[in-house]
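Everything below concerns the one structure shown next.
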Amino acid sequence: MKNKILNPIAQIFILGLIFGISYTQDSLYTSNQHTKFLQGLAKAGSGYLNQDWLANTLDPLPAFTFLVQVTYTYFHESFFYFYYILIFGIYVYSMLGIASVIFKINTSRLKLLIYFLLLLIIHCLKIRIFDFKTHVHLHYGLAEQYILGDYFQPCTFGVLIIFSIYVFLRKKPFLAVLVLGIAATFHPTYLPSAALLTLAYLILTYKNENNLKKSLLIGVISFIFVLPVVSYMTITFRPTSPELFQISESLLVNRIPHHSFPDIWLTEPAAPIQILVVAIALYLLRKTRLFFILFFPFATATILTIIQIISVSNTLAFLTPWRVSAFLVPISTCMISAYIVAVIFDRYYPQIMKYKKPLEIGSLVGIYLFILSGVGIQLEKLTINQKDTPIIMEYIKENKQTGDIYLVPYASGKFVDFRIATGAPILINLKSHPYKDTEVIEWHNRLLMAQQFYDNSAIAKCQALENLIDKYQITHIIIENDDSLQCSGVERTYIDNLYKMYKIIEK
């Protein structure tokens with residue numbers, strides 16, 4: 001029993017190391033991590049982030065925040081890289097497992113090696129055909145939704161959805177709904193996906209076993225597993241009023257139209273190819289147990305997407321039913337690949353066996369080359385000097401004080417990482433937002449006030465600054481060098497070749 005448990009864990013770790021090193025990770029902290037990690041780092045006592053307004057808004061990711069807090073407090077932030085290695089391992093272990101159940105990929109070592117090498121090629125070899133990037137779009141979903149990306153974040157727990165499908169195919173439905181619950185707990189936007197897959201499991205269990213009691217029990221246990229996160233999200237983010245909720249919903253979906261509106265993301269060159277990949281996979285899988293598991297969420301998402309396009313519903317845009325493509329596309333790609341490998345081995349098995357040793361060695365060499373290349377790229381990512389990071393942040397990191405609140409260029413991508421890079425609170429930025437309706441509206445109001453300051457000049461700029469000081473007690477202002485600030489009550493405390501900083505003089 002102990003070996004049965006340790007063996008999969010060892011496989012996951014080894015596969016994670018090989019695949020993770022080949023795939024590589026961006027260095028901490030980058031892009032979405034500045035939003036998703038903020039509250040956890042604030043609670044762990046990083047700098048003065050606990051004084052930041054956004055860090056004190058209602059938390060949409062309590063489980064992930066807790067993981068960040070515990071890791072930063074009791075271990076080391078390098079563990080975030082290790083977590084992603086484990087996630088890579090679960091991803092590959094699950095894909096190999098599904099391919100083995102459906103297409104018997106594991107019937108020979110050579111077949112398994114070639115298939116694993118093919119997975120590395122699909123995910124890690126950078127091939128670009130016009131605007132289609134094979135190493136991205138063949139395992140990303142529609143509307144830039146994805147499970148695996150360049151760095152560890154809540155959406156990467158979507159690998160548990162793929163693992164759930166694998167263990168269900170292995171006739172372990174209760175474990176399947178357990179891991180769906182874990183995925184949804186760490187990233188609540190997976191709740192609709194978990195619900196659709198659970199329904200698919202119920203239907204298949206009843207159809208194959210004619211056991212209504214077991215099917216209902218699976219549903220009940222699944223509900224118990226997701227009840228904590230469903231209760232938390234329902235209570236915490238319940239509408240303050242229908243009007244406020246509608247306003248906040250509109251603000252959020254219009255902030256990220258490339259995620260929210262099908263009439264925008266369907267025009268992306270990769271979208272029709274990704275849909276075609278899923279369609280081809282469904283055709284190849286039509287006589288397998290996997291077909292309905294993929295078809296049910298695919299059909300549901302298609303119907304809801306059409307409804308959103310017709311109705312222009314902000315609620316559907318916010319729920320993003322097409323998020324199921326985040327697991328449908330990578331599974332489809334990997335199953336098409338498994339089908340091709342299986343067909344080639346079935347048709348040319350005698351010829352292949354004649355060259356078994358050379359093919360095995362060639363596959364191992366190919367895998368080794370991916371690892372070697374990944375090591376080089378990873379070292380570069382971890383050691384490269386972030387040239388786009390303003391040097392003013394290093395100054396603020398060393399000189400910040402408790403009570404400081406910085407007004408920074410709110411729409412500048414160069415200041416997305418200001419909070420975590422410096423440990424200092426800011427008034428607001430465009431990238432990171434809360435989710436509670438009243439807080440979303442407050443976030444928007446802060447943006448508008450910051451915009452009034454940065455978009456105006458002379459007297460209007462000074463009046464906007466006075467309003468910010470009176471309402472939010474900001475203490476420092478950062479502007480670009482080609483901008484000017486001729487207002488009373490401020491003094492310049494820093495200047496470099498790009499930016500200058502002013503401090504509010506106490507009255």
For this session: Check for a donor-acceptor pair, side chain of Thr320 on one end and backbone N or O of Arg323 on the other, with a separation under 3.5 Å.
Result: no
Ignoring hydrogens and angles, state whether a donor on the side chain of [X] or [Y] is under 3.5 Å from an acceptor on the partner side chain.
X      : Y      : answer
Thr71  : Glu77  : no
Ser325 : Gln274 : no
Thr236 : Lys436 : no
Asp496 : Tyr494 : yes

[X], [atom1]: over 12 other non-hydrogen atoms inside 6.0 angstrom:
X      : atom1 : result
Phe237 : CZ    : yes
Phe82  : CZ    : no
Lys503 : NZ    : no
Tyr83  : OH    : yes

Seminar exercise, completed: Taking every heavy atom of Ile478 against every heavy atom of Ile396, the minimum-distance pair comes out as CD1-CD1, 3.6 Å
For this session: Check Pro321 against Ala301 and note the closest heavy-atom contact, atom names and distance.
Result: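 Closest pair (atom of Pro321, atom of Ala301, distance): O-CB, 3.4 Å.
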For this session: Walk me through it: do Asp131 and Arg128 pass the test salt bridge (charged side-chain N to carboxylate O under 4.0 Å, His left out)?
Result: CA-CA 7 Å; Asp131 290 327; Arg128 182 166 185 158; 3.5 Å; yes
Exercise. For the rings on Trp265 and His258, is their centre-to-centre separation under 6.0 Å?
Worked result: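 Aromatic pair excluded; centres sit 6.0 Å or further apart.
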Problem set entry | Between Phe37 and Phe80, ring centroids under 6.0 Å |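 Ring centroids of Phe37 and Phe80 are less than 6.0 Å from each other.
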For this session: Kindly indicate whether a cation-pi arrangement holds for Lys36 with Phe64, taking the cut-offs as under 6.0 Å to the six-membered ring centre and within 45° of the axis.
Result: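 The answer is no, since Lys36 fails at least one limit relative to Phe64.
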